[in-house]
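Numbers restart at 1 for each chain; the letters A, B, ... are given by sequence-line order, proteins then strands. Just so it is clear, the model here is predicted, and its values are computed rather than measured.
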Number of protein chains: 2
Amino acid sequence: MEEKEISQAVVGRLPRYLRYLGELRDEGIERVSSQELSDIMQVTASQIRQDLNTFGGFGQQGYGYNVGHLYDEIGKILGLNREHRLIIVGAGHLGQALVNYSNFERRGFLFCGLFDSDPKVCGKKIRSIAVRPMEEMAGFIRDHNIDIAVLTIPKNAAVETAEQLAACGIKGIWNFAHVDLRLPGHIQVENVHLSDSLMKLSYNLSSSEEAT
Amino acid sequence: MEEKEISQAVVGRLPRYLRYLGELRDEGIERVSSQELSDIMQVTASQIRQDLNTFGGFGQQGYGYNVGHLYDEIGKILGLNREHRLIIVGAGHLGQALVNYSNFERRGFLFCGLFDSDPKVCGKKIRSIAVRPMEEMAGFIRDHNIDIAVLTIPKNAAVETAEQLAACGIKGIWNFAHVDLRLPGHIQVENVHLSDSLMKLSYNLSSSEEAT
DNA sequence: ACGCTTATGTTAAATTTTTGTCAATTCCTG
DNA sequence: CAGGAATTGACAAAAATTTAACATAAGCGT
């Protein structure tokens, strides 16, 4: 029963709010007003209030927002109060880099398995996680209650693998491959298209140059 | 002399157009209509025409768009017709992963140098590029005409390093550190906040679950 | 060469997103 | 404990983005 569709624009801003609130909290600051946050974050106070009110009234008139409480609430909204169990498919440099990123684990994203089609890297251990052959993937997902798969393999392999993952009942895919995955709607896909990002930077470089 | 401000929403879609046009071209397809592209890409034909017309009339009425020509034009708009010279600051797993990604070089993004503050990794070679100490960075940028720096270092170091880079006259920063960099407006910053992306996925997982 | 079909470029409408405003509520001081 | 200051939540206005509609231009077949 979807209450009212919440735009991805709003969702996309939540992690940033969380980040700044975490910093304030770590500085020992207990309360903050939308105007103060606005000054720090360089977005309008109106947008902050609007965004937060999408999910409920977390503030108090005349007082502002309680930093710790707001931090927790946004965390809950983002699903950080539960644990997520992930596997990484593709034990190349990028896959390894992600496994080694300990910040994710701190947020409840647990890397449980690593898979690769290359027999030469299978058996190798990365941060205490063994690389397994692709054949074991389906079973592993079911046995270890995996909900997210991270795709760090070349694009031609990615499409087929994504379909396998879908068939295994995976809930979400964090896709670093440079293709758009076409999967059933109940499977959430979040794309990280690095080359797209680099091209945007390139555009903005050219564009700012012209505007001399 | 900025003609008219082009929205980042449009710019953000260009790389995706480029990708699909490249695929069509590789299949030997010479012409395509906005409606055909619409079917393939799952966006409205209207949006495609609107987006393309932001930059000029690349199509022909009654015919459609010439795939090769449109591909080239979008490439030019994105600045892919020129070479970009990059350095990577932070030779950790992520930095190494990016150096090894050959696709970027094919697009004209040349990795020219690698820098790290850890003396233990300095001197090491990654894909024929030696890791240099941070002290050499400023000189290197000037000597090798570097325009883009890729920041793959922890966030506390990132802020200070970004300021150094700005002082060296860098044009753009591709920022993988989990902070917002505050730099003079003429320096373009493109952020890749991986944990934000993962949190979005997490939100969408929770959200789709609720909507059972 | 003519007319029908196709498909763009452009303008207008609809929708979404962002910003501004203000009454209502709570805090805080004297 | 009363009154002024502060700040939210809600609503309204403005801006931006997306979609629709259509006149116009070019292709294509006969």
Asks: Taking atom P of C:dG9 as reference, at what distance in whole Å does atom CG of B:Leu37 sit?
Replies: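 Value for this atom pair: 13 Å.
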Asks: Does B:Gln60 have a side-chain nitrogen or oxygen under 4.0 Å from the phosphate oxygens OP1 or OP2 of C:dT8?
Replies: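 False: B:Gln60 side-chain N/O out of range (4.0 Å or more) of C:dT8 OP1/OP2.
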Asks: Within less than 4.0 Å of OP1 or OP2 of C:dA24, is there a side-chain N or O belonging to A:Gln61?
Replies: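 Indeed not, no polar side-chain atom of A:Gln61 lies that close.
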Asks: Establish, with yes or no, whether the OP1 or OP2 oxygen of D:dG9 is under 4.0 angstrom from a side-chain nitrogen or oxygen of A:Tyr65.
Replies: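 It does, given that an N or O in the side chain of A:Tyr65 lies less than 4.0 Å from OP1 or OP2 of D:dG9.
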Asks: Rounding to an integer number of Å, can you tell me how far B:Gln8 CD sits from D:dT18 P?
Replies: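 To the nearest whole Å, that distance equals 13 Å.
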Asks: Please work out if B:Gln50 contacts a base, only the sugar-phosphate, or nothing of the nucleic acid, heavy-atom cut-off 4.0 Å.
Replies: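 Counting heavy atoms under 4.0 Å across all strands, the contact made by B:Gln50 includes a base.
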Asks: Are A:Phe109 and A:Leu98 side-chain neighbours, meaning at least one heavy-atom pair lies under 4.5 Å?
Replies: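 Not in contact.
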Asks: Is any side-chain N or O of A:Ser34 closer than 4.0 Å to OP1 or OP2 of D:dT8?
Replies: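 Answer yes for this pair, as a side-chain N or O of A:Ser34 is under 4.0 Å from OP1 or OP2.
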Asks: If I take atom CG in residue B:Leu52 and atom P in nucleotide C:dA7, what distance separates them, rounded to the nearest angstrom?
Replies: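 From B:Leu52 CG to C:dA7 P: 15 Å.
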Asks: Taking CD in B:Glu30 as the centre, count heavy atoms belonging to other residues, nucleotides or ligands within less than 6.0 Å. Is the count above 12?
Replies: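 Atom CD in B:Glu30 is not packed in, count stays at 12 or less.
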Asks: Tell me the interatomic distance from B:Ile48, atom CD1, to C:dT10, atom C1', rounded to whole angstroms.
Replies: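 So the two atoms are 17 Å apart, to the nearest Å.
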Asks: B:Thr44 side chain N/O closer than 4.0 Å to the phosphate oxygens (OP1, OP2) of D:dT18?
Replies: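 Looking at the OP1 and OP2 atoms of D:dT18, neither is under 4.0 Å from any side-chain N or O of B:Thr44.
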Asks: Just how far, in rounded Å, is P of D:dT17 from CD of B:Glu5?
Replies: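 Between P of D:dT17 and CD of B:Glu5: 10 Å.
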Asks: Backbone N or O of A:Ala177 within a donor-acceptor pair of the A:Thr152 side chain at under 3.5 Å?
Replies: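 Not at all, since once roles are kept as given, no pair shorter than 3.5 Å links the two residues.
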Asks: Can you establish whether the number of heavy atoms outside B:Lys200 located under 6.0 Å from its atom NZ is more than 12?
Replies: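 Counting other residues, nucleotides and ligands, NZ of B:Lys200 exceeds 12 neighbours.
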Asks: Name the atoms and distances for all side-chain donor-acceptor pairs under 3.5 Å in residues 138-150 of chain A, with sequence neighbours left out.
Replies:
unit_1   : atom_1 : unit_2   : atom_2 : d
A:His144 : ND1    : A:Phe140 : O      : 3.2
A:Asp147 : OD1    : A:Arg85  : N      : 2.9
A:Asp147 : OD2    : A:His84  : ND1    : 3.0

Asks: Which one, D:dT18, C:dT17, D:dG9, comes nearest to the side chain of A:Arg49?
Replies: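 The answer is D:dG9.
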Asks: Expressed in angstrom and rounded to an integer, what is the separation of A:Gln47 atom CD from C:dT17 atom C1'?
Replies: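 These atoms are roughly 8 Å apart.
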Asks: Grab the CG-C1' distance between B:Asp39 and C:dA7 for me, whole Å please.
Replies: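 Between C1' of C:dA7 and CG of B:Asp39: 14 Å.
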Asks: Which nucleotide wins on minimum distance to the side chain of A:Ser46, given the candidates D:dT8, C:dT19, C:dT17?
Replies: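 My answer, after comparing the listed nucleotides, is C:dT19.
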Asks: Map A:Arg31 and A:Val10 onto DNA chain C by nearest heavy atom, then report which one ends up closer to the 5' terminus.
Replies: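 Nearer the 5' end of the strand: A:Val10.
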Asks: Under 4.0 Å between a side-chain N or O of B:Asn53 and OP1 or OP2 of C:dT8?
Replies: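 Checking C:dT8 against B:Asn53, no side-chain N or O comes under 4.0 Å of OP1 or OP2.
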Asks: Check the distance between D:dT8's C1' and A:Gln35's CD and give it to me in whole angstrom.
Replies: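 To the nearest whole Å, that distance equals 13 Å.
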